[in-house]
*Asks:* 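Dropping the structure in here first, questions after.
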Number of protein chains: 2
Amino acid sequence: MTELEKGPTGRRRGRGARERILGASQRLFREQGINRTGMDQLCAAAEVSKRTAYQHFAGKDELVTEYLRRFDPAVLSDIFDRTDLTPRQRLLAVFDVPPTTPLCPYIATAVELHDPQHPASQYARDYKKAVAARLTDAAREAGATDPEQLGEQLALLIDGAAARTRVLNADAFPTAAAIATALIDNALPATADHDRQAEEVPS
Amino acid sequence: MTELEKGPTGRRRGRGARERILGASQRLFREQGINRTGMDQLCAAAEVSKRTAYQHFAGKDELVTEYLRRFDPAVLSDIFDRTDLTPRQRLLAVFDVPPTTPLCPYIATAVELHDPQHPASQYARDYKKAVAARLTDAAREAGATDPEQLGEQLALLIDGAAARTRVLNADAFPTAAAIATALIDNALPATADHDRQAEEVPS
DNA sequence: TGTTATGTACACCGCCCTGTGTGGTTACCG
DNA sequence: CGGTAACCACACAGGGCGGTGTACATAACA
């Protein structure tokens, strides 16, 4: 269809440049990092002229910020909105990340930009707080004695697994899951048996 | 000064430009990040001519690698070599980091360089493994049922606290310490009481 | 004292970066 | 069919980057 209509240089013509730019950002920023990905390369990968890119985004900073906002649906919501899991299972499902994930882009972006006041860094903070809040909700739902503490602890485990996976080049999420199990079992003394039975027969 | 380095002929070398360069690296790389610190600025801060810097280090990559090697004595050894602490106290002392620490430079470097094969990234991996090994040793000394698991878990907590502190701009080490306490109490069922008493009267 | 390693001063190179100017082309929509 | 918004091609500015060339100064040692 329209994909086959190409210009002199083989680039796709037509509309939807913004989505192509953001798509290329997802791939390149994760694979190569933000600082090592130039706008030239990015525009080439998106099959978009440089001029068009700067008509959609005021600058690279704005593009980076917008790039970070496109993870939420896939990561946060998909796990927490599953109703087929018990609250306890939901708390643990966060650690069942497939090894395809290179690194939490929020941490990577915050480190690469190195400026806590950068809009993208602020968004990363907000996102991390939102995840902790979600975990706290699930912990409360599961009947934890101190839901806020457990939520914050599990959030730290996620970040620890992400950072350690990056540095060691080896999956650290199983270790985090083991810690999470111990913490949850400690925090849910009364309903632990019931929940563990529920895991055997999810529905 | 007392810092004497031998040349090919065994003679003393000069006035410590190398040390000044590495000192400036410690400050600037941590404060601004590696990618955002140019060699010009670095040499100016070290009060060293650019030419001299490139006579001591083949390139920025080599300087970065050497910069990473200068943390070991201050962080790793100082804590683990304290004999006035019980093994259990040593396992927890790692989380008593003063809030002056901006971020674990090993994680930051690995993320910034973004190349797992870079010598500095490899050294970061080695260092993280060494820390985990030290923790495992202490865990074994403390009589943990599975020292390797506990060591790896505590190492993950350290990295989690570091990463989270960076992203949230708030100290996450207390949370990590709380988790560590729970894990240690779980892993040291028999000797827990003895160790806790030993804390009251360290020597 | 003279020699040599060490360090200085500073201009300079080539590269890549973000970002723009200009003018032409294409797709959609009334 | 005509208008307009979106897009393209390409060159280029301006600056920072890592790294070098050249010529000179100094400190330590023989």
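Residue numbers start from 1 in every chain, and the chains themselves are labelled A, B, ... in the order their sequence lines are given, proteins ahead of strands.
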*Asks:* Under 4.0 Å: is that the gap between some side-chain N or O of B/T52 and OP1 or OP2 of C/dT6?
*Replies:*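 For B/T52, the contact criterion (side-chain N or O under 4.0 Å from OP1 or OP2 of C/dT6) is not met.
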*Asks:* Nearest to the side chain of B/R20 - D/dG19, C/dT20, C/dT8?
*Replies:*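 Given the options D/dG19, C/dT20, C/dT8, the side chain of B/R20 is closest to C/dT8.
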*Asks:* What's the CD-C1' distance between B/Q32 and D/dC17, to the nearest Å?
*Replies:*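 For the pair B/Q32 CD and D/dC17 C1', the rounded distance is 14 Å.
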*Asks:* Answer with base, sugar-phosphate or nothing: what part of the nucleic acid does B/E47 contact at a heavy-atom distance below 4.0 Å?
*Replies:*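 Answer is sugar-phosphate: B/E47 comes under 4.0 Å of backbone atoms only.
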*Asks:* Please state how far atom CZ in B/R18 lies from atom P in C/dA5, giving the value in whole angstrom units.
*Replies:*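 It works out to 18 Å between those atoms.
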*Asks:* Any idea which of C/dT18, D/dC8, D/dT20 is nearest the A/D40 side chain?
*Replies:*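 From the listed options, C/dT18 comes nearest.
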*Asks:* Ignoring backbone atoms, establish whether B/H56 has a side-chain N or O less than 4.0 Å from OP1 or OP2 of C/dG7.
*Replies:*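 Answer is yes, contact under 4.0 Å.
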*Asks:* Can you tell me how far P of D/dC17 sits from CD1 of B/I34, to the nearest Å?
*Replies:*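 Between P of D/dC17 and CD1 of B/I34: 14 Å.
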*Asks:* Starting at atom NZ of A/K50, determine the distance to atom P of C/dG19, rounded to an integer number of angstrom.
*Replies:*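 Taking NZ of A/K50 and P of C/dG19, I get 10 Å after rounding.
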*Asks:* Calculate the interatomic distance between B/Q41 atom CD and D/dG18 atom C1'; express it in whole Å.
*Replies:*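 Going from B/Q41 (CD) to D/dG18 (C1'), I get 14 Å.
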*Asks:* Does CD belonging to A/Q41 count more than 12 external heavy atoms closer than 6.0 Å?
*Replies:*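 Yes, CD of A/Q41 has more than 12 neighbouring heavy atoms, counting only those of other groups under 6.0 Å.
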*Asks:* For B/E62, does the CD atom have more than 12 heavy-atom neighbours from other residues, nucleotides or ligands under 6.0 Å away?
*Replies:*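 Enclosed: over 12 neighbouring heavy atoms sit under 6.0 Å from CD of B/E62.
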*Asks:* Figure out the NZ/C1' separation between B/K60 and D/dC17, and round it to whole Å.
*Replies:*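 So the two atoms are 8 Å apart, to the nearest Å.
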*Asks:* When you look at B/F57 and B/R18, which way does the side chain to side chain contact (heavy atoms under 4.5 Å, CB included) test go after all the steps?
*Replies:* CA-CA 9 Å; B/F57 304 95; B/R18 187 186 177 90; 3.8 Å; yes
*Asks:* Is a donor-acceptor contact shorter than 3.5 angstrom present between the side chain of B/R51 and the base of C/dG7?
*Replies:*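 Counting by modelled atom types and ignoring angles, no donor-acceptor contact under 3.5 Å is found here.
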*Asks:* Is the closest basic N to carboxylate O distance between B/K129 and B/E152 below 4.0 Å?
*Replies:*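 Salt bridge flag = no for B/E152 with B/K129.
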*Asks:* To the nearest Å, how far apart are B/Q55 CD and D/dT26 P?
*Replies:*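 My rounded result for the distance is 17 Å.
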*Asks:* Would you indicate which nucleotide in D/dT20, C/dG19, D/dC8 comes nearest to any side-chain atom of A/S49?
*Replies:*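 Per side-chain heavy atoms of A/S49, the pick is D/dC8.
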*Asks:* Whole Å only: how far is the CD atom of B/E62 from the C1' atom of D/dG18?
*Replies:*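 Roughly 14 Å, once rounded to whole Å.
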*Asks:* Nearest heavy-atom pair of A/N186 and B/A182: which atoms, and what distance?
*Replies:*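 It is ND2-CB, 4.4 Å.
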